[in-house]
Amino acid sequence: MKVFLIRHAKTAIREGPTLKRQTPDSPLGKEGIKQAKLLGKLLRKEAIDVIFSSKWERAKQTAEQVAKNLGKEFELFELSLLLPTSLQW
């Protein structure tokens with residue numbers, strides 16, 4: 001069994017002229033949609049049975065584009081990796 005962990009594609013906020021704070025609901029931008037479609041095409045050679053996505057908008061949009069290219073559906077799945085915020089580096 002192979003497991004692919006894929007980060008979301010580029011968001012619209014990151015395509016703008018300034019760096020703004022990204023939120024969980026940040027959508028993909030035009031470049032991000034192209035990236036996600038390309039990823040779907042690249043993954044066609046793999047035997048993918050299930051696609052999971054977090055509920056974050058940019059992750060859902062990435063999964064949607066990949067799933068379309070693979071002729072699959074995707075399922076929402078949330079895994080939170082809680083990191084301590086009080087650590088000093």
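The analysis underlying the following values was restricted to heavy atoms, covering all of them including side chains, and did not include hydrogens, waters or symmetry mates.
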Original post:
Counting N and O atoms only, with roles assigned by atom type, does the side chain of T62 sit under 3.5 Å from a partner on the main chain of A9, one being a donor and the other an acceptor?
Top reply: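 Confirmed, T62 side chain pairs with A9 backbone.
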Original post:
At what distance, to the nearest 0.5 angstrom, does OG1 of T11 lie from CZ of R58?
Top reply: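 Separation between the atoms: 6.5 Å.
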Subject >> Qualifying residues under side chain to side chain contact (heavy atoms under 4.5 Å, CB included), relative to L38, sequence neighbours excluded >> reply: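 In terms of side chain to side chain contact (heavy atoms under 4.5 Å, CB included), with neighbours along the sequence ignored, L38 is linked to L42.
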Which side-chain N or O atoms in residues 43-53 pair as donor and acceptor under 3.5 Å with protein atoms at least two apart or in another chain?
| residue | atom | partner | partner atom | Å |
| --- | --- | --- | --- | --- |
| R44 | NE | N69 | O | 3.2 |
| R44 | NH2 | N69 | OD1 | 2.9 |
| E46 | OE1 | K2 | NZ | 3.1 |
| S53 | OG | A59 | O | 3.2 |
| S53 | OG | K60 | N | 3.3 |

**OP:** Output every pair passing salt bridge (Lys or Arg N to Asp or Glu O under 4.0 Å) with a member in residues 61-74, not counting sequence neighbours, ordered by first then second residue.
**Re:**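 Matches after skipping sequence neighbours: none remain.
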**OP:** Let me see the working for Q65 and I33 under side-chain contact (heavy atoms from CB on, under 4.5 Å), right down to the final yes or no.
**Re:** CA-CA 7 Å; Q65 293 300 323; I33 291 170; 4.3 Å; yes
**OP:** Find out if a path of hydrophobic residues (ILVMFWY) with successive side-chain heavy-atom gaps under 4.5 Å connects L76 to L70.
**Re:**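 L76 clusters together with L70.
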